[in-house]
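Here is the structure we will look at, set down as structure tokens.
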Number of protein chains: 2
Amino acid sequence: MIDKRTSTKDKILHTACELFYAQGYNATGIQQIIDQAGVSKGAFYSHFKTKDELGLEYLKSRSEEELEHLRAFLSEIDDPKERYLQFTPMIKEWVKSTDYRGCAFANMSAEVPNGQSPIRAEAKHHYEEFRTIIKEMIRDLLASDPALKSLDLQYITDQFLMIQIGAIANAEIFQEIWPFEHAEKAVRLLINEQV
Amino acid sequence: MIDKRTSTKDKILHTACELFYAQGYNATGIQQIIDQAGVSKGAFYSHFKTKDELGLEYLKSRSEEELEHLRAFLSEIDDPKERYLQFTPMIKEWVKSTDYRGCAFANMSAEVPNGQSPIRAEAKHHYEEFRTIIKEMIRDLLASDPALKSLDLQYITDQFLMIQIGAIANAEIFQEIWPFEHAEKAVRLLINEQV
DNA sequence: GTCTATATAAGGATAGAC
DNA sequence: GTCTATCCTTATATAGAC
């Protein structure tokens, strides 16, 4: 991903994304980031006023990436019910690939206690977008099947959201995958599907 | 809670519990802890070899306190179904009282990425105990009602656990209480109770 | 824009007197 | 056990040359 033509700012951001996620925000220093990115401290501060500014851009960048990936995945499945049912297995595979480090936005919220900070606002914003994507997916599902028409869209959406977040958090704590086996069953039950 | 007869070690631990939870582990320095506890740095290091050792004792102490509180709450409700249904509202009130700072053990896991560290082991241990308490509560419930006998104890337990963790995490991100309104409904549905 | 060198504060941890 | 004083490292951030 990083070659000689990559701009300094992109190199920094790319490296920060990796390190902040893998090690945590407060545990990662500027020095390590610039060492790994292969740039100087002066160059860093010419692109970012403070570490918090980098932290904010990290979240924004990561949010775009995750949401884009999610939208692309869902758009490739035509059948609404299949789309709904494949959501959880996809998150499961993603969690495995991240070494069970959990949700970047929840992790950041744990490290930045000030609920009014821009960083926390960005984390909240990501979840709102995430929730919106889920809501649209479920709206399509309810519209596609007369048997599901009477279900409460917002309620199912929020239950679905909580199941995913709960599974990601539990997988992080236990460093195990079973939360997703249960999550798959739970989302089936949400729409009265046999498990 | 802290008076002149409180031992130095207890003063440090008590203060650390407050600060680590409210501000996060890596964002809280030894200096702030000893300042607020009113003890010296030398006294601190005569009781704790390292900051990590204090972090570990913080988790142990907090785990005991939370689990004891939970057990006491549950033991005061005689009817198994009522006990089950009152669990979520109790967590909800607790989350409100903590200013939506979420689960201390999940937060710590977000800050300490090394899954093999003693701190992470302690967080995992807390969740295992938490899960055991839930399992016993649900075992009593299933035994008390013939209509519930056929339900899968472990499955309901893990679903219940994920609902609670998901609600706590979502409440922390959004700084709102609605995840618990949904959680209450979800735990009812788990045992085929009308919402 | 990018570099090296430096400023300044805070981090965790230790030494030695009482 | 507790204190003050100090060590060493690392943190974020800046200054000034190229």
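Chain letters run A, B, ... following the sequence lines, proteins first, then strands; residues in each count from 1.
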- Note on the structure: In this structure, OG of S144(A) is separated from OH of Y84(A) (nearest 0.5 Å) by 12.0 Å
- Query: Name the one of E93(A), E184(A), Q164(A) that satisfies side-chain hydrogen bond (donor to acceptor under 3.5 Å, both in side chains) with T88(A)?
  - Reply: Q164(A)
- Query: About how many Å separate CG of L153(B) and OH of Y155(B), when rounded to the nearest 0.5 Å?
  - Reply: 13.0 Å
- Per the salt bridge (charged side-chain N to carboxylate O under 4.0 Å, His left out) rule, which among E66(A), E76(A), E136(A), E129(A) passes with R71(A)? E129(A)
- Message: Once ring-ring contact (aromatic ring centres under 6.0 Å, His included) is applied, do any residues pair with F20(A), and if so which ones, sequence neighbours excluded?
- Response: Y25(A), Y58(A)
- Task: Indicate, with a heavy-atom threshold strictly under 4.0 Å, whether G42(A) touches base, sugar-phosphate, or nothing.
- Result: base
- So, are K9(B) and E57(B) salt-bridged, with charged N and O less than 4.0 Å apart? yes
- Rounded distance (Å) that lies between atom P of dG12(C) and atom CG of N26(A): 12 Å
Less than 3.5 Å apart, which donor and acceptor atoms pair up between the side chains of residues 35-45 of chain B and the rest of the protein, not counting sequence neighbours?
| residue | atom | partner | partner atom | Å |
| --- | --- | --- | --- | --- |
| D35(B) | OD1 | Q31(B) | NE2 | 3.2 |
| S40(B) | OG | A43(B) | N | 3.1 |
| K41(B) | NZ | Q31(B) | OE1 | 3.0 |

- Note on the structure: To the nearest angstrom, the CD1-P distance between I33(B) and dA13(C) comes to 11 Å
- Going by the angle between their ring planes, with limits at 30° and 60°, are F130(B) and F87(B) parallel, tilted or perpendicular? tilted
- One would report the end-axis bend of the helix from dG1(C)-dC18(D) to dC18(C)-dG1(D), five pairs per end and rounded to 10 degrees, as 10°
- Message: So if I take residues 44-51 of chain A and measure heavy-atom distances to DNA chain C, which residues fall below 4.0 Å?
- Response: S46(A), H47(A)
- Specify whether Y127(B) and F174(A) have parallel, tilted or perpendicular ring planes, treating 30° as the upper limit for parallel and 60° as the lower limit for perpendicular. perpendicular
- Query: Whole-Å distance between dA7(C) P and I30(A) CD1?
  - Reply: 20 Å
- Task: Provide the closest heavy-atom pair for E111(B) versus A110(A) in the form atom of the first, atom of the second, distance.
- Result: OE2-O, 4.3 Å
- Please find the earliest and latest nucleotides of DNA chain D, in the 5' to 3' direction, that have an atom within less than 4.0 Å of any heavy atom of chain B. dG1(D) to dT4(D)
Can I get a per-line list of side-chain donor-acceptor pairs under 3.5 Å for residues 176-183 of chain B, giving both atom names and the distance, sequence neighbours left out?
| residue | atom | partner | partner atom | Å |
| --- | --- | --- | --- | --- |
| E176(B) | OE1 | W178(B) | NE1 | 2.8 |
| H182(B) | NE2 | D158(A) | OD2 | 3.0 |

- Message: Whole angstroms only, please: what is the CG-P distance between D35(B) and dA10(C)?
- Response: 11 Å
